[in-house]
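Protein chains get the first letters and strands the later ones, always in sequence-line order, with residue 1 at the start of each.
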Amino acid sequence: MKSEPSVYSIKDLQRDGKTAWEGVRNYQARNFMRDSMRVGDLVLFYHSNADPSGVAGVAKIASRAYPDAAAFDRESRYFDERSTPEKPLWVLVEVAFVAAFKEILPLEKIKQAKELEGIMVAKRGMRLSIQPVSEAHFKYICRLAGCRMPGNEA
DNA sequence: GCCAACGTTGGC
DNA sequence: GCCAACGTTGGC
């Protein structure tokens, strides 16, 4: 899951413990939240538009998808008049902090790693803010980042 | 700040 | 349903 650190960083999540991932306004990204995410699923937290851009840590899904109330709020930058409480168009999931990498694992490193061949985030023009990651890729990224995780002590 | 790539919108 | 115009994303 991508976030611009100037808006919301892994440190912000560490401080908050948990956050509602509001503001996703892309159908494909929404569908991943709604259809594929389950409580307990692990997430790579990616800093976009950053220096450097890359994976900043690990989070986990803390709720199933439910309507994103920001879409109903005229004052919100995420307001969308097509979405109503009766017929919500956009959803969010809650995301909980797991770990912050000591150092960002830069996109450049991800592109260089043979083991990560085919990973979505490395593809040209890939700007989807929520992307599926294979278990093998996930583990390898954690290893590259030197992150110790339950079930992934390597 | 530039700009390529992409998604969305809306005229036809 | 096509596709040009537009707005946004995000690496650099």
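The aromatic rings of Trp21(A) and Phe45(A) sit perpendicular to each other, their planes meeting at more than 60°, with 30° as the lower class boundary. Note on ring orientation: taking the six-membered ring where Trp is involved, the planes of Tyr27(A) and Trp90(A) are tilted (angle from 30° to 60°).
Distance CZ (Arg127(A)) to C1' (dG10(C)): 9 Å, rounded to an integer number of Å. At whole-Å resolution of the value, CD in Gln131(A) and P in dT9(C) are 15 Å apart. Nucleotide dG11(C) holds its P atom 10 Å from the CD1 atom of Ile110(A), rounded to whole Å. Straight-line distance from the CE atom of Met120(A) to the P atom of dC6(B): 13 Å, rounded to whole Å. Computed from coordinates, the Asn26(A) CG to dG10(C) C1' distance equals 14 Å when rounded to whole Å. Taking atom NZ on Lys123(A) and atom C1' on dT9(C), their separation rounds to 18 Å, with Å as the unit. Put simply, CG on Leu128(A) is 10 Å from P on dT8(B), counting in whole angstrom units. The OH-P distance, from Tyr27(A) to dT9(C), rounds to 15 Å in whole Å.
Mapping Met126(A) and Asn49(A) onto DNA chain B via the closest heavy atom, the residue that lands nearer the 5' end is Asn49(A).
For dG7(C), neither phosphate oxygen OP1 nor OP2 lies less than 4.0 angstrom from any side-chain nitrogen or oxygen of Arg25(A). Contact annotation: Ser53(A) side-chain N/O to dG10(C) OP1/OP2 distance is not under 4.0 Å. The shortest distance between the side-chain N/O atoms of Lys2(A) and the OP1/OP2 oxygens of dG10(C) is below 4.0 Å.
Nucleic acid contact for Arg82(A): sugar-phosphate only, since backbone atoms but no base atoms lie under 4.0 Å from a heavy atom of the residue.
Around CD of Gln112(A), the count of heavy atoms belonging to other residues, nucleotides or ligands within 6.0 Å exceeds 12.
Looking at the side chain of Tyr46(A), the nearest of the listed nucleotides dG11(C), dG7(C), dT9(B) is dG11(C). When distances are taken from the side chain of Lys111(A) to each of dA5(B), dG11(C), dG10(C), the shortest belongs to dG11(C).
Judged purely by atom type and a 3.5 angstrom limit, Gln131(A) uses its side chain to pair as donor or acceptor with the backbone of Val121(A).
Residues Leu89(A) and Val91(A) do not share a hydrophobic cluster, clusters being chains of Ile/Leu/Val/Met/Phe/Trp/Tyr side chains in contact below 4.5 Å.
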